[in-house]
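Not measured: the values here are computed from a predicted model. Any value given below was found using the heavy atoms of this structure, including those in side chains, with hydrogens, waters and symmetry copies removed. So you know, we letter chains A, B, ... as the sequences are listed, proteins then strands, and number each from 1.
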Amino acid sequence: MLSFIIRRLLIIIPMALLVVTLTWGLVRIAPGNFYSAEKKLPPAVEANIRKKYGLDKPWYTQYGMMMSNIVRGDFGDSLKYQGQSVNEIIRRHLPYSAVIGLLGYLLALAIGLTAGTVAALKQNSGFDYGSMSLAMLGLSVPNFVLGPILVLIFSFWLYLLPPGRWGGFSGIVLPVITLSAIYAAYIARLTRAGMLEVMRSDYIRTARAKGLDEKTVLLRHAIRGGLIPVLSFTGPALAALLAGTVVVEKVFAIPGLGNIFIQAVLNRDEPLILGVVAFLSILIMIFNLIVDIAYGFLDPRIRYE
Amino acid sequence: MTNDGTILSVDGLKTYFHTEDGVVKAVDGISFELKKGETLGIVGESGSGKSVSNLSIMRLIQEPPGEIVDGKIIFDGIDVRALSIDDVRKIRGRRIAMIFQDPMTSLNPFLKISKQLTEVTVLHLGHTKQQAREHAIKMLKLVGISDAEQRIDSYPHEFSGGMRQRVMIAMALSCDPELLIADEPTTALDVTIQAQILELIKDLKARMGTSVILITHDLGVVAGMTDKIIVMYAGKVFEQAPTRELFATPANPYTKGLLKSVPDPAHEQGKELYQIPGLPPDVAHLPPGCPFAPRCSRVEDICHSEFPPFVEINEDHHSLCHFANDVYAESKSEVAK
């Protein structure tokens, strides 16, 4: 088990460097660069800046320099935000994304697991059809539509919650709900499908034949197997959520990582792009590792060596 | 009601499934009686309603789509159909226990054997955890699992198929039930293991005095194990007789066909194995006459138009056939030769 975890942790480093390399290549291949703004810099100034950042050297030298810094955990300074290191920018903006991401996913889990389980137990009932229709709606309505609708209702009609900006609990309610909707819908459908499959299995029939009541059958015998699809979904979903969701952060003007990332791409801010991409890829790999470890606890048939 | 030692009596049981394809009459009016300590074999092809009848006795049919439409199920004087589901749960596992076909999937892969064994006695016998554990170890030893003290904390996947079926049997018998329903207990096992498991059931039955219903499609299995046999086809009882009599003088063409299909390596080497032509009917769309008519070797016109009567050959022997007496006489004359 320990050697499995160490091996998986070690492989993260080359994988992240590979992701960075590919991203760097894509940024370079794309037409234009940081200096191709509407307002052209005087050639002498641009040459000066390029020299300062080492951008006058051949591409392989630049790549080598960049990688040797990155390996040491240094992504350099942002081109746009002068004098601020990429690491510092990520550190500053991550908490906003992490808070709404984590709360959003917890809310989605609470709603999705409950609705999915009840829908499975009362298959083809009114609740089943109702919640699954709602889930379908949740999956179909994009969050750039849901967000403004919630703002319209709760901020402009009911005057209950602020329409945006960070600050206090009331400020995060709408973004968290907006964020969780699609995940709650997805988790509800996964849970329902998983539970339905498990409840039809032979070992559930055995449990019933023993005389156990439905609650015990569900909580002791069915829940583990039914949760496995949700667990697989949680790793990548949580990583993506923690790292920020562009649309929700834009709609509610939250200074999170997603917002910063989009700005970096639009600005062609190469160090910042690479820094965020590397951070994201490492996060996803770590969460996948956590999910794999959790499988082992949930399902005794899975053993790692 | 409990006179003459009858433990279970089923009368006119009908279990239907309401599907998009129409009403599937999985069990359509079967009746039988089981006395204390007796072993009943229920034989039939896949889909003949063997398992559904026994799941009905335990009220384990999923409703919907399934439904027990009609009939009486009297277990030890109790009308099982009239019980509330909570009262049925007090019988399940405690007084009637079941062993299922596939020990690979019938044990919960996520829980330790100890948990699965002890939860039954904690529930029904009020055992404490410690008592339940000791009892479980005793049961595992009883079904022939060596070093039960260590193995009790294993998960099902750490056992072989035969061992898992032993665990299933230990689980089923741990509350000392009055009736054990074994639903194809050996079908998923190797032949050598099959014999061991059957021996085990036979041995435990003798020791504990449990009545047994043995469901199987394998006539070889019921031959040495049962007191009487029910042959089912398309949800109906086709023939019902004491084991010895059924094998010697069957009064139904279907039973004769089944008996002829049993391979006899000693005498038939090199000969082609007999099989009943055709396939079991779709019970959602049965023809008006005898459901076996399209496959029957001695079919006549009446078989296609009229449903056959349940003919009494003698007090213990019944056959569902227009020509039951003729078939019986035929069998008798074959024996005489």
[atom1]/[X] to [atom2]/[Y] distance, rounded to the nearest 0.5 angstrom?
X	Y	atom1	atom2	result
Arg205(A)	Phe100(B)	CZ	CZ	4.5 Å
Gln101(B)	Asp202(A)	CD	CG	8.5 Å
Thr206(A)	Ile99(B)	OG1	CD1	11.0 Å

> Checking side-chain contact (heavy atoms from CB on, under 4.5 Å) for the pair Leu123(B)/Leu212(A): CA distance, chi angles, key distance, verdict?
Replying inline: CA-CA 8 Å; Leu123(B) 175 72; Leu212(A) 298 172; 3.8 Å; yes

Check whether more than 12 heavy atoms from other residues, nucleotides or ligands sit under 6.0 Å from atom [atom1] of [X], and answer yes or no.
X	atom1	result
Met208(B)	CE	yes
Glu197(A)	CD	no
Ile11(A)	CD1	no
Phe75(B)	CZ	yes

> Going through the distances and angles, do Arg92(B) and Lys210(A) end up as a side-chain contact (heavy atoms from CB on, under 4.5 Å)?
Replying inline: CA-CA 5 Å; Arg92(B) 287 181 190 162; Lys210(A) 285 175 177 178; over 6 Å; no

Can you give me the closest heavy-atom contact between [X] and [Y], atom names plus distance?
X	Y	answer
His124(B)	Gly211(A)	NE2-CA, 4.1 Å
Ala209(A)	Met98(B)	CB-CB, 4.5 Å
Gln62(B)	Arg208(A)	OE1-NH1, 3.7 Å
Pro109(B)	Pro300(A)	O-CG, 3.1 Å

>> Given heavy-atom pairs under 4.5 angstrom as the criterion, report whether the side chain, backbone, both or neither of Ile228(A) touches chain B.
In response: side chain

>> If I measure from the heavy atoms of chain B, does Arg220(A) come under 4.5 Å with its side chain, its backbone, both, or neither?
In response: both

> So what's closer than 4.5 Å to chain A heavy atoms on Ile91(B): side chain, backbone, both or neither?
Replying inline: neither

>> Please classify the contact of Met104(B) with chain A as side chain, backbone, both or neither, using a heavy-atom distance under 4.5 Å.
In response: neither

> Taking every heavy-atom pair that is under 4.5 Å apart, which of Ser201(A), Ala207(A), Gly225(A) has the most such pairs with chain B?
Replying inline: Gly225(A)

> Do any N or O atoms from the side chain of His221(A) and from the backbone of Gln116(B) form a donor-acceptor pair under 3.5 angstrom?
Replying inline: no

> Are the side chain of Arg224(A) and the backbone N or O of Phe110(B) linked by a donor-acceptor pair below 3.5 Å?
Replying inline: yes

>> Quick check on the interface: out of Arg94(B), Lys90(B), Lys115(B), who has the most heavy-atom pairs with chain A under 4.5 Å?
In response: Lys115(B)

> Top residue by heavy-atom pair count (under 4.5 Å) with chain A, among Val120(B), Asn108(B), Asp86(B)?
Replying inline: Asn108(B)

